Engineer: 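Sharing a structure, written as structure tokens. Questions coming.
What you see is a predicted model; the values in this text were computed from it and never measured. We name chains A, B, ... by the order of the sequence lines, and we start the count at 1 in each one.
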2 protein chains.
Amino acid sequence: MDRRATDKDDETSATERPTLKTLAFMTGLGVTTVSRALKDAPEIGAETRRRVQLVAKQIGYRPNRAGVRLRTGKTNVISLVLNTEHELMSFVSDIIYGVTEVIADTPYHLIVTPYSRSQDPLDPVRYLVETGSADGVIISRAQPNDPRARYMLERGIPFATHGRTDMGLVHPYHDFDNYAFAGEAVRYLAAIGRRRLALVTPPVGLTYYGHTVNGFADALSEVGASEVPFNTVSIDHTIEQIRMRTAQLMRRDDRPDGIISSAAAATLAVVAGIEDAGLKLGRDIDVVSKQSSEVLHLFRRELLVVNENFRLAGSELARAVLGWIGGAAPGSLQSLSKPSEVLPYRG
Amino acid sequence: MDRRATDKDDETSATERPTLKTLAFMTGLGVTTVSRALKDAPEIGAETRRRVQLVAKQIGYRPNRAGVRLRTGKTNVISLVLNTEHELMSFVSDIIYGVTEVIADTPYHLIVTPYSRSQDPLDPVRYLVETGSADGVIISRAQPNDPRARYMLERGIPFATHGRTDMGLVHPYHDFDNYAFAGEAVRYLAAIGRRRLALVTPPVGLTYYGHTVNGFADALSEVGASEVPFNTVSIDHTIEQIRMRTAQLMRRDDRPDGIISSAAAATLAVVAGIEDAGLKLGRDIDVVSKQSSEVLHLFRRELLVVNENFRLAGSELARAVLGWIGGAAPGSLQSLSKPSEVLPYRG
DNA sequence: TTGGCAATCTGTAACGTTTCAGTATATTGA
DNA sequence: TCAATATACTGAAACGTTACAGATTGCCAA
């Protein structure tokens with residue numbers, strides 16, 4: 001128990017970042033004791049604990065991430081896996097902000113892991129898991145049978161999906177209730193006298209494609225309206241494609257008098273197509289669209305909108321992943337966001 | 001030189017992630033040799049080098065980031081520092097995608113570090129530097145006298161700014177030539193007979209506010225048009241504010257017959273305001289606007305647009321930071337993006 | 001032969017953290 | 001009184017990497 005300054009340590013330069021060793025030296029304790037005191041371990045005396053924590057706060061001690069990660073494997077990183085090509089008018093920033101909001105006062109960092117159209121969506125996830133680059137993962141564009149979710153479940157790495165899967169496997173998710181959205185939209189249009197409705201669907205293959213289509217179909221038969229098939233486009237198509245095909249559709253005799261669109265970007269193109277065909281919004285046809293920011297009513301007042309909050313989605317997803325990491329049951333970390341009413345323009 | 005399996009090592013379980021030790025064992029070499037062979041050190045025999053690299057590739061060896069980071073301080077992380085509240089129609093995703101494009105085949109990860117309106121913009125930067133969380137930083141919303149740039153220059157941490165500063169200090173940046181943009185816009189409007197022009201400016205305080213205002217003023221006097229002051233808004237204002245104040249402006253006798261807008265989101269509000277005042281785009285007034293995605297022509301065909309490519313900005317910024325990290329001279333890592341022509345709608 | 005010197009390769013230590021297996025002291029039970 | 005036990009602390013080892021300071025070998029000049 002000799003308390004001479006250890007010969008090799010240079011506690012001289014005050015500019016260096018403090019480590020546990022610095023704290024140990026300052027408090028006269030061992031490194032181990034300091035480490036445990038900082039994490040409120042029970043076998044540390046109350047006064048010692050307070051003293052260590054005080055000094056740590058004073059000198060602005062921050063654990064070295066690399067040290068922790070090397071020793072424990074804990075990265076303190078959440079990864080958001082994104083497709084860099086889909087989603088035109090990108091809601092991406094909202095999700096990111098939602099996530100950062102939640103992790104702001106945690107030690108977590110957010111890394112963005114992209115993948116492109118040409119890649120297998122499993123690639124980035126495999127990379128993250130194999131290299132142990134994150135404690136938790138958020139993926140979007142969930143599919144009914146999603147290999148990524150299956151993969152991560154097998155490896156036991158916490159994750160949350162934006163959108164639900166349908167594999168009989170339970171995992172955290174956040175989803176917008178697109179079944180309800182499509183239903184509400186149909187009922188609204190029926191209520192204002194529209195009877196021949198078309199749907200601009202989500203990308204085929206994603207889970208919420210099914211939800212939307214089902215909500216649409218069920219509500220159609222409920223209100224006794226009919227569907228005008230419009231399967232040639234989804235919101236993943238380009239502006240040009242959607243516009244052209246909408247114009248084609250609107251030039252037919254059996255054209256719809258109502259359209260429901262699953263995304264604001266697509267709606268811009270749909271409206272352009274409608275007008276290309278010489279028809280007028282609000283008179284010849286009504287359009288209900290989801291949007292994630294208040295742009296559509298600036299675009300055309302006649303549009304009917306339903307708001308989807310992606311910032312909230314980001315927050316919920318982050319909360320879910322952190323919850324799972326923290327040991328909560330995956331099944332308890334699922335949330336579904338109800339759509340707003342269908343909103344007409346108000347001055 | 002005994003080649004018995006070292007007693008404590010368990011090279012048995014094939015499921016573990018390979019490390020240098022694994023490679024050393026497999027090749028029969030020392031850990032040091034393997035390490036150097038992998039980074040093409042000159043004192044390693046050519047054959048040995050090839051052999052090690054072959055084995056490494058075969059078993060999918062990936063250096064442990066925490067190990068490298070702990071030992072060398074190199075994080076292999078680039079941080080993008082973002083304000084979570086400004087920038088309505090967010091170009092954020094484009095920047096992110098641009099960055100990820102460039103770092104895709106490097107060992108770098110991208111972390112997003114947010115800060116909110118209530119915080120000092122220096123906070124996140126200070127955090128990154130103090131904790132050594134990134135090898136390079138990208139900041140946006142550059143100011144003429146930017147404390148963040150000054151701070152990072154002092155600490156010698158590589159960074160790039162989206163937008164220029166004006167402190168007589170040299171550092172990498174990427175910027176859109178807003179002086180040219182405003183000038184082109186003025187000249188275009190003058191050429192189609194507009195003589196009384198108003199400018200929806202960038203946020204006061206940011207460097208490109210000055211560029212834009214100067215480009216506007218210089219071109220005005222060049223073509224002999226006059227300015228209608230419109231200092232009550234900038235593109236950082238809310239949609240509602242811009243819309244209301246534009247309507248007010250357009251109801252005055254001395255209203256402009258041309259408006260130049262620095263952002264697409266603001267332009268939506270400007271057009272709404274114009275129409276609120278009962279005026280018609282293309283007849284009573286023309287509007288030139290920057291946009292970062294092809295939305296404005298769907299919105300109103302009469303709009304005149306200039307495209308700004310944020311994905312490119314992201315790529316350039318990433319390239320700049322990586323260049324600086326790689327030892328290039330900061331002064332050689334500056335780029336300016338020329339605006340496109342002013343583009344009217346074409347069917 | 002011997003010394004010197006390249007050319008290759010190697011072990012050890014260190015980065016900062018947590019965990020393991022203690023040690024020293026005080027306190028309790030009988 | 002003595003042993004058992006609880007309390008409060010500690011050093012050493014390990015995570016995977018790189019840098020440092022050697023080691024070993026072969027070859028050439030003297």
Engineer: Should the pair A:Glu47-A:Arg50 be classified as a salt bridge under the 4.0 Å nitrogen-to-oxygen rule?
Structural biologist: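 Looking at A:Arg50 together with A:Glu47, the answer is no, because their closest N to O distance does not fall below 4.0 Å.
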Engineer: First locate atom CZ of B:Arg17, then atom OH of B:Tyr61, and finally report the distance between them rounded to the nearest 0.5 Å.
Structural biologist: 8.0 Å
Engineer: What is the separation between atom CZ on A:Arg71 and atom P on C:dT17, rounded to the nearest whole Å?
Structural biologist: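 Between P of C:dT17 and CZ of A:Arg71: 13 Å.
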Engineer: Return the set of residues passing side chain to side chain donor-acceptor pair (under 3.5 Å) with B:Thr131 (not counting sequence neighbours), or none when no residue passes.
Structural biologist: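 Side chain to side chain donor-acceptor pair (under 3.5 Å) check on B:Thr131 returns B:Ser133.
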Engineer: Name the closest nucleotide to the A:Leu70 side chain, picking from C:dG16, C:dT17, D:dT17.
Structural biologist: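 Output: C:dG16.
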Engineer: What is the distance, rounded to the nearest whole Å, between atom NZ of B:Lys21 and atom C1' of C:dT10?
Structural biologist: 16 Å
Engineer: Rounded to the nearest angstrom, tell me the gap between atom CG in B:Leu20 and atom C1' in D:dC15.
Structural biologist: 13 Å
Engineer: Rounded to whole angstrom units, what separation is found between the CG atom of A:Leu29 and the C1' atom of C:dA24?
Structural biologist: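 So the two atoms are 15 Å apart, to the nearest Å.
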Engineer: For residues 117-142 of chain A, which residue pairs pass the ring-ring contact (aromatic ring centres under 6.0 Å, His included) check, not counting sequence neighbours?
Structural biologist: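 Sorted result for residues 117-142 of chain A: A:Tyr127-B:His109.
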Engineer: Scan side-chain atoms only and decide if A:Asp175 and A:Gln334 contain a donor-acceptor pair under the 3.5 Å cut-off.
Structural biologist: no
Engineer: Taking atom P of D:dA19 as reference, at what distance in whole Å does atom NZ of B:Lys74 sit?
Structural biologist: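 From B:Lys74 NZ to D:dA19 P: 12 Å.
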Engineer: Quick check: on DNA chain C, is the nucleotide nearest B:Gly30 upstream (toward 5') of the one nearest A:Ala66, or the reverse? Name the residue that is more 5'.
Structural biologist: B:Gly30
Engineer: If only side-chain N and O atoms count, and only distance matters, is there a donor-acceptor pair under 3.5 Å linking B:Arg150 with B:Asn145?
Structural biologist: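 Side-chain D/A pair, B:Asn145 to B:Arg150: present.
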Engineer: Strictly below 4.0 Å, heavy-atom distances to any atom of DNA chain D: list the hits from residues 31-53 of chain B, or just say none.
Structural biologist: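 Heavy-atom cutoff 4.0 Å gives B:Val31, B:Thr32, B:Ser35, B:Lys39.
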